[in-house]
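Protein chains get the first letters and strands the later ones, always in sequence-line order, with residue 1 at the start of each.
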Number of protein chains: 2
Amino acid sequence: MPLNAPEPVKKSFKLQMLQAREVAITRAVNRLLAEKGFDAMTVDEVAAEVGIAKASLYKHFSSKEALACAAMVQAMQRAQEFICGLESGDAQLLASTALAKLQALTRWTLGLKLSGQMPSLPSQNSSLRASLMASRPYMDALMQVSEILGTWVVKAQAEGQVNPNLPPVAVLYTLYARACDPVLEFLKMSQLHTDEEIMDIVMATCFEGLNAR
Amino acid sequence: MPLNAPEPVKKSFKLQMLQAREVAITRAVNRLLAEKGFDAMTVDEVAAEVGIAKASLYKHFSSKEALACAAMVQAMQRAQEFICGLESGDAQLLASTALAKLQALTRWTLGLKLSGQMPSLPSQNSSLRASLMASRPYMDALMQVSEILGTWVVKAQAEGQVNPNLPPVAVLYTLYARACDPVLEFLKMSQLHTDEEIMDIVMATCFEGLNAR
DNA sequence: GTCTATAATCAGATAGAC
DNA sequence: GTCTATCTGATTATAGAC
C-alpha cells in the first residue's frame, strides 16, 4: 500500500463528503423555508430532516441565519442558471423576445413555489433580512440577477411590449413579489384548479392585469 | 347623594373605560402587527406601547393569538365600513361602476399599508392562521366582505370591465394579496417615489398588468 | 384591574467526550 | 465531525399583593 498517493485522494473524498452533506443541509433548509418560513423553522427540525445532530449543523453553519443564507444563495444560483439558459442557444426559439424571457422566468418561479421549493422571502422585519443584506454571496447573486432582468425590462419596454410608463425597477419588484405571492397558496388550497391552471391564472393577472382587454 | 341612581351610571362609565382601553390595545397591536408581523411582535412590546403592565393585558385577552385576532377583527370592521360607504349615497358619484368600487377599495388598502396600519396576514404556517380560522367574529367579517366583493367582481365581469376568463375567486384573492404586497415596501424603501406615485404604480400593475396596452 | 415578580417553556447555541 | 447533555436568553403566561 503506497504511503503518499492516498493522501490527496482521501482528502478529496472527505471534501466531497463535506460538500455533499452541506448540499443536503441546504436542500432541507430550502424545503423548510418554503413550507414554514424562517421564523417558524427551527434548527431542530433541520437537524431531524437531514438526519444529524443539531450540534453537527453548527460545525457547518455558525447560526440559523447563516443556514438560511446558504439556502437562499443556492436558490439564487439556480435562478442564475435558468436565466443563463434563457439567454443562450436553444432557448432563443422558445423565448425570443425580452418579454418572453421575463414570462418564462416568472412561470418558472411560480412552478417552484407551487412545488414547495421557493423559500419565502422575509416579508417583514426578520433577523434574516439583515443577514441577507450583509451576505456578500447573496447580494452579489441578487445584483447580477437584477442587472440582467433590468436590461430585459428596458428592452421589453423599448419593444413596446411592457408598459413604458412603469419605472423599470417597479416591474422588477413586481416580478420578484409574484414569486412569493400568497395567491398561489390560496388557489391551491381551494383545490378547484390544477397547478397548470393556477400558473395560467397568476401569469394572466400579472402581465395582462385584472381589467378586460 | 342618592344611593341608587349612580349605580348604572358608574357601571356604564367603567364599561366605557374598559372598552376604551381595549380599543387602545387593539390599535397598538394593529400597528405592531403591521410593523413587524405576528411572530416578531412580543407581548412585552404591546404592553409597553399601551403603557400598562403585561399581566393587565392578559386580563383583557387570554393569549397573544387572541390579541392579534381582536386587532384583525377591528381592521376587518374598518374595511366593512369603507365598503358600506362605497355602496351607499354620495360615493355613487365617485365609484359608480363595480370596477370603480373595487379600485377604490384597493387603493384604500394600499394607503393603509403605506401608512403602516395594515396588519400583514400570516403568509406562512403561523399559529395565528389557526386562531383566525377558529375565530367566529373574524371569519364572519371575512365572509361578509368576500360576499360583497364577490358580487362586485361578477358584476364588473358582466359589464365587460374585468377579464371574464378569470375565476371570480382568483380576482378576489388577487385583491386581498395586493393589500399585503411587498412591492409597496420595496418602492417606499427606494425613496424614488411619493406614496401617491407608489399607489398609482401598484394600481396600474394590478389592474392593467405589466404588458403594454 | 393593575402592578411586581416569577414560573414554565421553548429555541438557539455550546461543552466536552468520543 | 458527530454525538449527548447542557447552558442561556427570550418570551408567553400566571401568582399573588394591593
| remark: Sorted by position of nearest nucleotide on DNA chain C, 5' first, the leading residue of A/Phe38 and B/Leu18 is B/Leu18
| query | For A/Lys64 and D/dA10, what is the distance between atoms NZ and P respectively, to the nearest whole Å? | reply | 15 Å
| field | Chi angles and distances behind the side-chain contact (heavy atoms from CB on, under 4.5 Å) call for A/Leu175, A/Thr109 | value | CA-CA 9 Å; A/Leu175 294 178; A/Thr109 62; over 6 Å; no
| task | Look at all strands and tell whether B/Met17 reaches a base, only sugar-phosphate, or nothing, counting heavy atoms closer than 4.0 Å. | result | nothing
| note | Footprint ends on DNA chain C, 5' to 3', for atoms under 4.0 angstrom from a heavy atom of chain B, come out as C/dG1 to C/dT4
| What is the distance, rounded to the nearest whole Å, between atom CG of A/Asp44 and atom C1' of D/dT4? | 13 Å
| field | Donor-acceptor contact present, side-chain A/Ser146 to main-chain A/Leu142, <3.5 Å | value | yes
| request: Please confirm whether the backbone N or O of A/Met41 pairs with a side-chain atom of A/Lys64, one donor and one acceptor, at under 3.5 Å? | output: yes
| field | Residue closer to the 5' end of DNA chain D, A/Ala55 versus B/Ser62 (nearest nucleotide) | value | A/Ala55
| request: Specify the closest pair of heavy atoms between A/Val50 and A/Ala28, including all atoms of both residues, with the distance to one decimal. | output: CG2-CB, 3.7 Å
| field | Enclosure of B/Met189 CE (heavy-atom neighbours >12, cutoff 6.0 Å) | value | yes
| field | Spacing of A/Lys54 atom NZ relative to D/dT6 atom C1', expressed in whole Å | value | 10 Å
| With sugar-phosphate meaning primed atoms plus P, OP1 and OP2, does A/Ser56 contact a base, only sugar-phosphate, or nothing at under 4.0 Å between heavy atoms? | base
| remark: Separation between CZ (B/Arg78) and CE (B/Met118), nearest 0.5 Å, reads 9.0 Å
| task | Quick one: label A/Lys59 by what it contacts on the DNA or RNA (base, sugar-phosphate, nothing), any heavy atom closer than 4.0 Å. | result | base
| query | When the distance from OH of A/Tyr58 to C1' of D/dT4 is rounded to whole Å, what number comes out? | reply | 16 Å
